[in-house]
Amino acid sequence: MPLTRKAYRAAILHSIADPAEVGIEASYEYFEDGLLVVDNGQISALGHASELLASLPADIEITHYQDALITPGFIDTHIHLPQTGMVGAYGEQLLDWLNTYTFPCESQFADQAHAEEVAEIFIKELLRNGTTTALVFGSVHPQSVNAFFEAAEKLDLRMIAGKVMMDRNAPDYLTDTAESSYLESKALIERWHGKGRLHYAVTPRFAPTSTPEQLTLAGQLLGEYPDLYMQTHISENLQEVEWVKELFPERKGYLDVYDHYQLLGERSVFAHGVHLCDDECARLAQTGSAVAFCPTSNLFLGSGLFNLPMAEKHKLNVGLGTDVGGGTSFSLLQTLNEAYKVMQLLGARLSPFKSLYLATLGGARALRLEERIGTLQPGTDADFLVLDYNATPLLSYRLKQSKSIAETLFVLMTLGDDRTVAQTYAAGNLVHQR
Ligand code: GUN
Ligand code: ZN
């Protein structure tokens, strides 16, 4: 194959470390007039345009973006594909919301054609919002995951997904059995895990909807294949936490249920964790597990405020999740807008550079993919965004007042949304243009 080499010139910003560990100034690199060079889908150079241009052949194709910021693609560590059609469902908190809205909506994915239609809409929406990697819940139906991976594969996206396992406390039309969930997950793993840039996640919905037998088999699957992911929900809502205590009285608490069935580990991502206690955070960190912070969902469903400072104290890996359809936006910029407000209500701060970290490198670390995505380091996948400073009249006017990249970044995260994402590139290919 001939070498395809392209270069992109603009202001360029990426996270290189967690501000909680190295301080804000050492956590990022910013090139006011930067150049990003891409060879065959991977980043081959990053630096100041003035320094890099001299080293490049005179005939290289350079795309120059004015009034724009190049960043790594965003990483959504928690989202539900089959809830695309029910974002913004009125009036309930978690358990009633699941029964009233979620389960009926997910039941439609028994139909292959419906699964394919929504998979296309869902992936377009991710890319329109600048999300280049997501950890995705399918429905209980394997066809929801097949449809998703087929659509992702066509665009050579780095994506992770799994079929929901749920064999109790849900309507009959939406449950599997311990055995069928094991066999169906296994078939999906054989077909998709490690194919191109796709990965599989074993996906027990949450402790209340799985029998001990199903959780046992989920743990068994994780032991059978290397580098599988595990995704589930934990401690999102106080009623849910009480219910888990009733269902598993022999366990110390909610996390201990998952721990008992060997579901913790370096590729395990637990959504929400709003009501985790100190000991549970410590255990999650000790096992290398990660938590997905989902502020738009936690506010929308009235679940509570995720304690990011407590997670930081334990050096727990945290990524951001939109949690659509409990969450109200596909945009990680809007998710950061709400994350900032959650921190304000806790009397804490969320700096724009910590926010950038959470949406990019922090998410990549939560998924153990920091060697491939989350930064613009040479050698990594060319998954990146062009954010438009003139996306809306207000953003344009507001950014003209900005005195620093910190201020610009914060305003992008406060006023920005899908309109801000002018271009999305994945593996060096333009996969969305506004
Ligand atoms: N807990 C169990 N299932 C779900 C779900 O679909 N969404 C959210 N937000 N929490 C859950
Ligand atoms: Zn969820």
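This one's a predicted model, so the numbers in the text were calculated from it and none came from an experiment. Note: hydrogens, waters and symmetry copies are ignored here, and every other heavy atom, side chains too, is used. Whatever order the structure lists ligands and atoms in, that order sets their numbers, starting from 1.
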Among N, O or S atoms, His80 approaches the Zn ion (ligand 2) most closely through NE2
*Any ion pair linking Arg128 and Asp417 (charged N to carboxylate O, less than 4.0 Å)?*
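Judged by the 4.0 Å cut-off on N to carboxylate O distance, Asp417 and Arg128 do not form a salt bridge.
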Query raised in the report: Should the pair Phe137 and His233 be assigned to parallel (<30°), tilted (30 to 60°) or perpendicular (>60°) ring geometry?
Result: tilted
query: Of the backbone and side-chain N, O or S atoms of Cys294, does one lie nearer to the Zn ion (ligand 2) than 2.8 Å?
result: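 So Cys294 does not bind the Zn ion (ligand 2) by this criterion.
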Item to complete: May I ask you to check if ligand 1 and Glu236 share an N or O to N or O distance below 3.5 Å?
Response: yes
| request: Could you confirm whether Asp323 has any N/O/S atom lying under 2.8 Å from the Zn ion (ligand 2)? | output: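 Under 2.8 Å: Asp323 contacts the Zn ion (ligand 2) through an N, O or S atom.
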**OP:** Could you check atom 9 (N) of ligand 1 against the protein and tell me its nearest heavy-atom contact, residue, atom and distance included?
**Re:**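 Of the protein heavy atoms, Asp323 OD2, 2.7 Å lies nearest.
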Nearest heavy-atom contact between Ala201 and Ile160 is CB-CG2, 3.9 Å
Check: With backbone taken as N, CA, C and O and side chain as the heavy atoms from C-beta onward, which portion of Leu94 lies under 4.0 Å from ligand 1: side chain, backbone, both, or neither?
Finding: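 For Leu94, the contact with ligand 1 is made by the side chain alone.
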Is it the case that Tyr225 and Glu190 place a side-chain donor and acceptor less than 3.5 Å from each other?
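Indeed, the side chains of Tyr225 and Glu190 share at least one donor-acceptor pair under 3.5 Å.
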Nearest non-hydrogen protein atom to atom 6 (O) of ligand 1, with distance, is Arg205 NH2, 2.6 Å
Short version for His272: what comes under 4.0 Å of ligand 1, heavy atoms counted, is side chain
Review point. Is it true that a side-chain atom of Glu338 and a backbone atom of Thr335 form a donor plus acceptor pair closer than 3.5 Å?
Key: no
Near Gln83 (heavy-atom distance under 4.0 Å), the atoms of ligand 1 are 5 (C), 6 (O)
Is the Phe122 ring parallel, tilted or perpendicular to the Phe330 ring (thresholds 30°, 60°)?
perpendicular
The answer for which part of Trp97 has a heavy atom under 4.0 Å from ligand 1 is side chain
inquiry  = Using only atom types and a distance under 3.5 Å, with no angle test, would you say the side chain of Ser289 pairs donor to acceptor with the backbone of Gly265?
reply    =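 Yes, Ser289 side chain to Gly265 backbone: donor-acceptor pair under 3.5 Å.
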